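Report on the structure given below.
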Amino acid sequence: MIQTAYDLESLRSWRNSLKGSVGFVPTMGALHIGHGALLEKARQENDHVVLSVFVNPTQFDKKEDLEKYPSTLQQDIELAEKVGVDLIWVPTYPQLYPDGFKYKITEQDLSMKFCGAHRPGHFDGVLSIVMKLFNLVRPHCAYFGEKDYQQLTLIQGLVEAFFLDVKIIPVATVREESGLAYSSRNVHLSSEDKKIAPKLFEIIKNSSSAEEARHQLTEAGLKIDYVEDYGPRRLAAAYLGTTRLIDNVELK
Ligand code: AMP
């Protein structure tokens with residue numbers, strides 16, 4: 001049976017009772033098949049699996065985005081139970097931010113680009129919460145999706161910079177048949193948007209340059225935040241109506 005923890009004491013006493021390896025999947029809930037892939041990998045590779053569900057306010061640059069973020073806790077618990085997660089941890093803001101976010105972690109290079117350039121402070125929020133979650137869960141392995149490639153790269157950098165004793169395991173992006181990456185925010189797409197949304201991946205994958213991709217995406221009706229090549233990847237973010245989609249692809 002899956003266990004639930006809603007306070008730090010329960011999480012700590014669960015953690016202290018364990019022997020063997022701990023795999024950790026941090027999420028903001030509204031779980032989908034993409035999250036499922038992270039959980040399954042964690043299940044295969046560890047003695048114990050913990051999932052956190054916390055919509056982290058400090059990584060939202062827009063109040064409306066935070067307020068409309070979907071929440072489906074009961075379904076999340078069911079999915080987690082199916083995969084064989086041992087503990088689902090649902091902390092609160094006052095528990096995780098006793099200092100009111102006076103202390104934060106800032107990366108000064110990559111975090112300022114791409115999503116960071118369009119969402120000021122976003123990665124300060126991400127890196128700070130990940131550090132807090134790691135310190136509380138003390139996992140051996142933590143699983144992150146390649147869908148959020150910039151986030152994954154920054155977390156790998158965080159682990160290196162602060163000598164954190166955790167192995168970061170990347171998981172390939174899980175997509176719908178149309179090619180659209182699963183995302184909790186996809187529930188906000190209208191049926192018209194849903195027809196256009198798969199073009200984000202299709203175009204960044206098939207275009208010969210970032211510039212060509214920008215041109216084709218605009219023609220397709222997406223409002224671009226950025227499309228840029230970064231190392232071996234092409235990264236993109238664009239709006240369909242008020243829904244922001246992000247994706248990336250390995251360059252051929
Ligand atoms: P989120 O709840 O959106 O913050 O995501 C929690 C974790 O799931 C992050 O590591 C994401 O990169 C990962 N994730 C989200 N969507 C997908 C997907 N479609 N495929 C693989 N991983 C994903």
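Counting convention: from 1, in listed order, for ligands and their atoms alike. Just the heavy atoms: all of them, side chains too, but no hydrogens, waters or symmetry mates, feed the values below. None of these values were measured; they are calculated from a predicted model.
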Side-chain contact test, heavy atoms from C-beta onward, threshold under 4.5 Å: evaluate it for D124 versus Q59 and give yes or no.
no

Residues which pass ring-ring contact (aromatic ring centres under 6.0 Å, His included) with F101, listed by chain and number, not counting sequence neighbours
Y97

Could you list, one pair per line, each nitrogen or oxygen of ligand 1 together with any protein nitrogen or oxygen closer than 3.5 Å, giving atom names and the distance rounded to 0.1 Å?
from	atom 1	to	atom 2	distance (Å)
ligand 1	2 (O)	M28	N	2.9
ligand 1	2 (O)	H35	NE2	2.9
ligand 1	5 (O)	H35	NE2	3.4
ligand 1	10 (O)	G145	N	2.9
ligand 1	12 (O)	G145	N	3.2
ligand 1	12 (O)	G145	O	3.3
ligand 1	12 (O)	D148	OD2	2.6
ligand 1	16 (N)	Y182	O	3.4
ligand 1	19 (N)	V174	O	3.0
ligand 1	19 (N)	Y182	O	2.9
ligand 1	20 (N)	V174	N	2.9

Do K68 and T242 get their side chains close enough for a donor-acceptor pair, meaning under 3.5 Å?
yes

For S190 and D193, test the side chains for any donor-to-acceptor distance below 3.5 angstrom and give the result as yes or no.
yes

Using the side chain to side chain donor-acceptor pair (under 3.5 Å) criterion, which residues pair with E107? Sequence neighbours excluded.
S111

Taken in chain and number order and not counting sequence neighbours, the residues that satisfy side chain to side chain donor-acceptor pair (under 3.5 Å) with S17 are none

